[in-house]
Amino acid sequence: MARRKLVYEGKAKILYEGPEPGTLVQYFKDDATAFNAEKKDVIDGKGVLNNRLSEFFMTGLQRIGVPTHFIKRLNMREQLIRQVEIVPLEVIVRNFAAGTMAQRLGLEEGTALPRPIVEFSYKDDSLGDPLVPEEYIIAFGWATQQDLDDIVALALRVNDFMAGVMHGVGIKLVDFKIEVGRVWENDFMRLIVADEISPDSCRLWDIETDRKLDKDVFRRDLGDLNDAYTEVARRLGVLPKSGQPITKPTLIN
Ligand code: 5GP
């Protein structure tokens, strides 16, 4: 018999029905995928680290007044979250050129951008999450102009927070992706940060060496993904300084 009702299974996470209406349990898998799941692997312990790191970023955001879906961590791989209606967009913030932007514009990876740039992709795996202009988003009714203004403001606050936290531990926040969800409070709709924030969805480079500490390690075969994520967790104090192997996690708390 099923332990609880599965609501949705994605590439890196599973959502189960939560204990109360309006809540879900988010389970972090060890699966790593890239290039729209053309490249796949199972990285032992990745889910444990991303659960902790996403908790760390989401609670930090909440402390500075940025609303997120995070309620509490339940165990090594699961967190309780608010159920939201996901806006079907990937909201990407870039501080330095990399990845698809570097390719599209012929820029060298690492080129500083004149200011943080927010862009949107339409969330559809079968289409490869295509970049879309605001005009499309509004015309197709995925979000209103007001929503987009709110989403850009939210994304830039997340960027300021994340860039500052990362800078404090010697890491450059090159870019990241967030997802945003709608919640209703009485008759009012609010947009809040949803999904996850982890090295799966950010580009993180060591400030001194430009060593990559994010999912590009997997995408580009640059070494051991767990070593990279463990390094991020260790610097942020989410792992003890000794940095235990995450297959035998001795995480703080
Ligand atoms: P790019 O467009 O350069 O491939 O990605 C920009 C940023 O958004 C990177 O930090 C990348 O990790 C993140 N990103 C873009 N699409 C996805 C996605 O489908 N899943 C995840 N986890 N991150 C994404």
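Atoms within each ligand, like the ligands themselves, are counted from 1 in listed order.
The closest protein non-hydrogen atom to atom 4 (O) of ligand 1 is Thr100 CG2, 3.6 Å. When only non-hydrogen protein atoms are considered, atom 9 (C) of ligand 1 lies nearest to Asp175 OD1, 3.2 Å.
Of all the listed residues (Gln103, Met101, Arg203), Arg203 holds the heavy atom that lies closest to atom 3 (O) of ligand 1. Among Lys11, Lys177, Glu90, the residue whose heavy atom sits closest to atom 16 (N) of ligand 1 is Glu90.
Looking at Arg182 and Asp150, no side-chain N of the basic residue comes within less than 4.0 Å of a carboxylate O on the acidic one, giving no salt bridge. Between Glu78 and Arg4 a salt bridge is recorded (basic side-chain N to carboxylate O distance below 4.0 Å). Ion pairing between a basic and an acidic side chain is recognised when a charged N comes within 4.0 Å of a carboxylate O; Lys13 and Asp195 show such pairing.
Of all the heavy atoms of Arg219, the ones lying under 4.0 Å from any atom of ligand 1 belong exclusively to the side chain. At a heavy-atom cutoff of 4.0 Å, ligand 1 is contacted by no atom of Ala102, backbone or side chain.
The aromatic rings of Tyr16 and Tyr27 lie perpendicular to each other, with more than 60° between the two planes, well past the 30° mark.
The shell of residues lying under 4.0 angstrom from ligand 1, judged by heavy atoms, includes Arg94. The shortest heavy-atom distance from Glu109 to ligand 1 is not under 4.0 Å.
Contact of the Val158 side chain with the Val93 side chain is not registered, since no non-hydrogen atoms from C-beta on lie closer than 4.5 Å.
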For Lys177 and Asp129, what are the C-alpha separation, side-chain angles and deciding distance, and is it a salt bridge (Lys or Arg N to Asp or Glu O under 4.0 Å)? CA-CA 12 Å; Lys177 181 257 320 185; Asp129 299 335; over 6 Å; no

Checking Asp216 against Lys212 for the salt bridge (Lys or Arg N to Asp or Glu O under 4.0 Å) test, could you report, in this order, the C-alpha distance in whole Å, the side-chain angles of both residues, the deciding distance, and whether it holds? CA-CA 7 Å; Asp216 276 348; Lys212 294 177 176 51; over 6 Å; no

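For ligand 1, none of its N or O atoms has an N or O atom of Glu119 under 3.5 Å away.
Close approach to Gly99 involves these atoms of ligand 1, each under 4.0 Å from a residue heavy atom: 3 (O). The contact set between ligand 1 and Asp200, taken as ligand atoms under 4.0 Å from a residue heavy atom, comprises 12 (O), 21 (C), 22 (N), 23 (N). Taking every non-hydrogen atom of Asp129 and a distance limit under 4.0 Å, the qualifying atoms of ligand 1 come out as 19 (O).
Atom OG in Ser54 sits 6.5 Å away from atom CD in Gln26 (nearest 0.5 Å).
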